[in-house]
Structures are given as C-alpha cells and as structure tokens.
Number of protein chains: 2
Amino acid sequence: MMNALLRKLERFETLTRGERDAVEQLCAGAVHHRGDEQVGQAGTIPILLHGFAYRFKLLSDGRRQIHGLFVSGDLCRHIYGHLAGQGECGVRTLTPSLVASVQVTTLLAVMEEHPRIAKALWANTVADDALLREWVVSLGRRTAYERMAHLFCEVFLRLRAVGQAEGESCDLPLTQMDLGDLMGLSTVHVNRVLQQLRRDGLIALKGSQLTIRDVGVLSRAADLDPSYLGLDTLPSSGRTGTARAQIA
Amino acid sequence: MMNALLRKLERFETLTRGERDAVEQLCAGAVHHRGDEQVGQAGTIPILLHGFAYRFKLLSDGRRQIHGLFVSGDLCRHIYGHLAGQGECGVRTLTPSLVASVQVTTLLAVMEEHPRIAKALWANTVADDALLREWVVSLGRRTAYERMAHLFCEVFLRLRAVGQAEGESCDLPLTQMDLGDLMGLSTVHVNRVLQQLRRDGLIALKGSQLTIRDVGVLSRAADLDPSYLGLDTLPSSGRTGTARAQIA
DNA sequence: CGCCTTGTTGAATACTGTCAATACACGTGG
DNA sequence: CCACGTGTATTGACAGTATTCAACAAGGCG
C-alpha cells in the first residue's frame with residue numbers, strides 16, 4: 001500500500017522521485033500505538049499513517065470538545081504551531097494506529113530542502129482549515145440531525161478518498177460519547193438522533209461500521225456542500241487528480 | 001501608523017528591510033470599501049489593513065454562520081485555498097475599511113522570492129487556525145453566556161494587540177444579529193445573554209463600543225485559555241515580541 | 001460469573017428558538 | 001421642524017430542542 005502521507009501530499013502537488021523519497025524518509029520511524037493512547041510529544045508533529053485519531057480540548061470543568069478527526073495521511077498538528085500558539089489540546093488515537101512522530105526541526109529541514117513538499121504541506125493545512133470551517137457551520141447553524149448526517153458524509157467521503165471505504169460502508173470507531181463531543185451534543189441526544197437517522201433509512205450503524213444507504217440523500221439531509229472537502233465530488237473509488245483550477 | 005500586515009507578520013518572523021518593502025509593496029494598491037460590502041474577487045486574497053470584516057457561509061435555506069472575524073492586519077482568505085478547496089463562502093466588510101486585494105499570483109511570486117515572508121504567512125495561517133479551533137470549542141461546549149464572554153475577550157485582546165483598544169474599551173461593530181450568526185444563537189437570545197452580562201457587571205456595550213469591566217473576571221467567566229491567541233497573555237498595551245519558545 | 005463500558009429508554013427540566021409586538025435611533029423628504 | 005421608513009434592540013408568551021438524572025440492557029473480558 002502506498003504511503004498515506006505521500007498520497008495526501010500528491011493531492012496538492014505532484015512530487016518528483018527525490019521528493020517522494022524524502023517524504024517516505026520522514027515516515028521511516030513510524031511506530032504502532034494502541035487505541036486510546038495519547039500521541040505527539042512536545043516538539044513533534046504526529047503524522048497518522050494508518051488508523052484513526054482525534055484532537056480535543058478540555059474545559060476546566062471536564063467538558064470535552066473534539067475539534068479534529070484524523071484518518072490515514074493526516075497531520076495531527078500544524079507546522080509552525082510553535083510560532084503561532086495553538087492553545088492547549090491533546091491528540092489521541094481511537095484505534096490501534098501507525099503514527100510517525102516527526103521532529104519539527106526535521107520537518108523544517110525537509111521543507112527547506114524541498115520547497116514543493118513545503119507547498120503541499122501548506123496546502124494541506126489550508127484543506128484542514130476548510131474542514132474546520134465547515135465544522136463551525138455545523139455546530140453553529142445545523143440541527144443535531146443535520147450535523148450527524150453531515151459528519152457521516154464527511155467521514156465517509158474522506159475515507160473513500162484514501163481507499164478505506166468499501167462500497168457504501170466505512171469504519172467509524174467512535175462511541176456515542178465521542179460523537180457527542182465531536183458534534184457538541186450529549187450522549188443521550190446522540191443516541192436519539194442516531195435512531196432517527198436509522199428509522200429514516202439514511203444510515204445503518206452496527207459496531208464501528210457505518211453504512212450509508214444513499215450518499216446523495218444523506219448529503220441532502222445534511223445540507224452538504226461538497227466543495228469544501230477539496231475532493232472530486234463523488235468519485236466512486238477514491239484518488240483525486242492533481243491539477244485543479246477553481247473559484248477563489 | 002505602521003502597516004498592519006507588516007505588524008502582523010513580524011509577530012512571527014523578524015523581517016529585513018527588503019522584505020518589509022516587499023510587504024508594503026503588496027499593500028500599495030489598497031482601496032477603501034464602505035461598510036457591509038462584499039470584498040475579495042476570485043483569484044485575490046483580501047488583506048484587511050484597517051476596519052472590520054467577516055467571512056461567512058450561507059446554508060441553502062438562508063441560515064448564516066460567520067466563521068471568521070477580521071481586524072487590521074488579517075488575511076481574509078488563505079493562500080493555497082485554490083488548491084485545497086475551501087467551500088463556498090463570502091467575505092464582507094462590517095465597517096468602512098481599507099483592504100488590499102492581492103492577486104494570488106502576485107503573492108505567490110513574493111513568497112517565492114522571500115521565503116521568510118512565506119514562513120510568516122504560513123505561521124499566520126496556523127494562528128488563524130488556532131482561533132477557529134477555539135471557536136469550535138465555544139460552539140460545541142460553552143454555554144451561550146460563556147460563549148459571548150469568550151468572544152468579547154478574544155476581540156478585545158486581538159484589538160489590543162494591534163493597538164486598537166483604549167484602556168478597557170474597544171470597538172465592536174456588530175449587530176445582535178451578527179453576534180448571533182457568529183456564536184450560533186438567535187438574535188433574541190443574544191439580546192438576553194447580553195443583558196445578563198451587563199447585569200452581572202462584566203461588560204458595557206453602547207452602540208458599537210464594548211467596555212470590559214475586568215478582563216480577568218470576564219475571561220474566567222468564559223473559561224478562556226489565553227495561550228490560543230498566540231499573544232503575550234495580558235500585555236497592557238499591545239505589541240508582542242518575536243521569539244517565543246513554547247510547548248508543542 | 002461479575003465488572004465495566006457502551007448503548008438505550010423515560011421523565012423531568014433547562015436552554016434556546018420562534019413569533020409577534022413594541023420601542024428606539026437615525027436619516028430622508030416634506 | 002416634524003412625519004415617516006428602515007434597521008436595530010427589547011420584551012413576553014409559547015414551542016421545540018437538548019440536557020440531566022436515573023435505571024436498565026447488552027456485550028466483552030478477566
């Protein structure tokens with residue numbers, strides 16, 4: 001299987017042989033983590049090569065908000081976060097995962113040497129930003145029902161783009177509590193909304209397997225605008241091209 | 001008065017004379033806009049040199065969510081957004097503003113020639129990302145009351161950092177409807193929460209002038225963690241230093 | 001088998017939104 | 001100077017959404 005980070009970066013910039021080697025090199029020291037384990041030492045950027053992880057913040061009274069959900073190929077923290085200040089937040093795995101914890105200094109050196117890698121990493125940062133903005137829209141203005149539908153569409157489409165969906169199904173290793181902390185809802189309410197979605201025939205969810213009956217219908221229920229994903233809208237099996245001219 | 005973009009970038013990277021000139025050059029063609037006016041043609045990045053603006057998204061039935069609030073020195077859209085896909089969203093001014101609408105191609109050329117400017121711009125992107133994450137936390141897990149308090153703290157501290165606060169007061173050119181679309185609340189509820197904040201003696205708000213009685217008290221009510229702002233926590237008159245070592 | 005986590009359910013409560021009416025401020029035109 | 005219109009702020013009553021609390025079911029694991 002192709003290196004997940006490489007695949008991700010090539011979504012933004014076609015890389016040369018040497019650049020690809022450099023990227024592979026970065027991932028060389030990747031280590032396996034168990035599920036529900038904190039990752040990302042100070043001074044490193046955790047890159048998720050396989051598995052699921054999330055980024056969250058705790059309020060002083062224990063309330064938790066998840067503000068990032070990561071799949072294969074995702075950077076779990078941003079480059080230059082040390083310059084920008086990024087609040088206190090943690091990164092944890094959801095499932096057993098393969099993660100490369102790259103030293104920030106190493107990464108900076110690689111970017112220095114390979115400007116095109118730097119460019120792709122920057123574009124990646126911006127793509128994550130778009131996801132986050134859409135998340136804000138969901139939390140602020142979508143109903144719980146739409147929010148859930150939207151989340152499921154997003155996860156499914158992202159996983160499909162990295163070849164981790166089979167047909168209409170994908171893995172979704174989140175408890176109802178996790179879903180609540182993701183979407184700003186209580187566990188109980190998540191449960192009820194989930195039942196409604198099932199009753200309406202939009203999804204099936206057993207264990208950690210999510211099945212979407214009809215992506216079109218679900219995305220309409222979610223009021224989803226697929227352009228924010230930066231993926232070719234509804235490819236049937238992943239892999240997006242490289243060049244893409246677009247509205248500003 | 002110093003160029004607002006320059007000030008912003010030097011928060012992340014000290015620039016040489018030539019670099020500063022290049023930045024000034026970028027802003028040379030800035031034009032004045034009236035309040036409540038759309039900015040940012042396709043293919044350009046709007047840079048706000050003076051005034052207030054916001055970035056928002058409309059759902060299909062007209063619900064609006066604001067997911068970015070800009071003050072002097074802010075980029076209203078991200079570089080490489082054209083590669084990443086960034087959803088459909090608009091940028092509008094809130095007040096009469098001075099904005100430089102820089103061609104993406106121009107900006108790319110400048111970054112090519114001045115890597116340190118590129119670096120600062122990237123760090124700026126990451127700083128905005130941190131703001132957005134905190135916004136997600138607010139929308140997802142803070143009560144309406146905390147959310148408002150948090151927003152007021154953030155705006156005040158950001159404005160103070162660019163020298164636009166006087167003592168405990170700053171400008172806040174937002175209607176209650178805007179505040180609602182910012183914080184995911186209805187106008188009516190915004191009104192009630194505002195009254196509560198006033199009754200509790202935390203803020204005063206007349207016209208577009210916000211006065212904070214005690215930043216410490218308000219930020220405690222907001223459960224605010226100042227590290228996400230990337231500003232020296234509570235400087236009394238703005239300007240932050242340049243070097244900053246920090247937790248990852 | 002018993003413990004622990006996760007999922008499910010009901011009832012009561014709290015929070016937030018909607019609707020509709022009224023008040024206020026400002027700028028325009030008479 | 002005043003009448004009027006528009007946009008904003010405020011209020012009350014009511015409906016709807018979501019949370020809390022508490023209990024119980026189901027499955028995995030030692």
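Order of the sequence lines sets the chain letters (A, B, ...), proteins ahead of strands, with each chain counted from 1. Keep in mind it's a predicted model, so treat the numbers as computed, not measured.
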List the protein contact pattern of nucleotides 10-16 of chain D with one symbol per nucleotide (5' to 3'): B for base contact, S for sugar-phosphate-only contact, - for none; contact means a heavy-atom distance under 4.0 Å. BBBB---
Going 5' to 3' through nucleotides 23-30 of chain D and flagging B where a protein heavy-atom sits under 4.0 Å of the base, S where only the sugar-phosphate is that close, and - otherwise, we get --------
Just the rounded figure in Å: distance from [atom2] of [N] to [atom1] of [X].
{"X": "B/Lys206", "N": "C/dA25", "atom1": "NZ", "atom2": "C1'", "answer": "16 Å"}
{"X": "A/Leu94", "N": "C/dT6", "atom1": "CG", "atom2": "P", "answer": "12 Å"}
{"X": "A/Gln196", "N": "C/dT9", "atom1": "CD", "atom2": "P", "answer": "12 Å"}

pair [X]-[Y]: side-chain heavy atoms closer than 4.5 Å:
{"X": "A/Met148", "Y": "A/Leu194", "value": "yes"}
{"X": "A/Glu134", "Y": "B/Gln65", "value": "no"}
{"X": "B/Leu69", "Y": "B/Glu154", "value": "no"}
{"X": "B/Thr125", "Y": "A/Asp129", "value": "no"}

With pairs defined as Watson-Crick or G-U wobble and both distances under 3.5 angstrom, please note down DNA chain D as a dot-bracket string, | for pairing with another strand. ||||||||||||||||||||||||||||||
So, does A/Arg92 use its side chain to make a donor-acceptor pair with the main chain of A/Asp36 at under 3.5 Å?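 Pair found, side chain donor or acceptor close to backbone of A/Asp36.
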Hey, does the side chain of B/Asp223 reach the backbone of B/Glu146 with a donor-acceptor pair shorter than 3.5 angstrom?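 No; judged by distance alone, with no hydrogens or angles, the pair does not exist.
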Do A/His150 and A/Tyr228 have ring centroids that are under 6.0 Å from one another?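 Yes.
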How far apart are the C-alpha atoms of B/Gln196 and B/Arg199, what are their side-chain angles, what is the distance that settles it, and do they pass the side-chain hydrogen bond (donor to acceptor under 3.5 Å, both in side chains) test? CA-CA 5 Å; B/Gln196 190 65 49; B/Arg199 241 178 286 131; 2.9 Å; yes
Does a side-chain N-to-carboxylate-O contact under 4.0 Å join A/Arg64 and A/Asp178?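 Here A/Arg64 pairs with A/Asp178 in a salt bridge, since their nearest N and O are under 4.0 Å apart.
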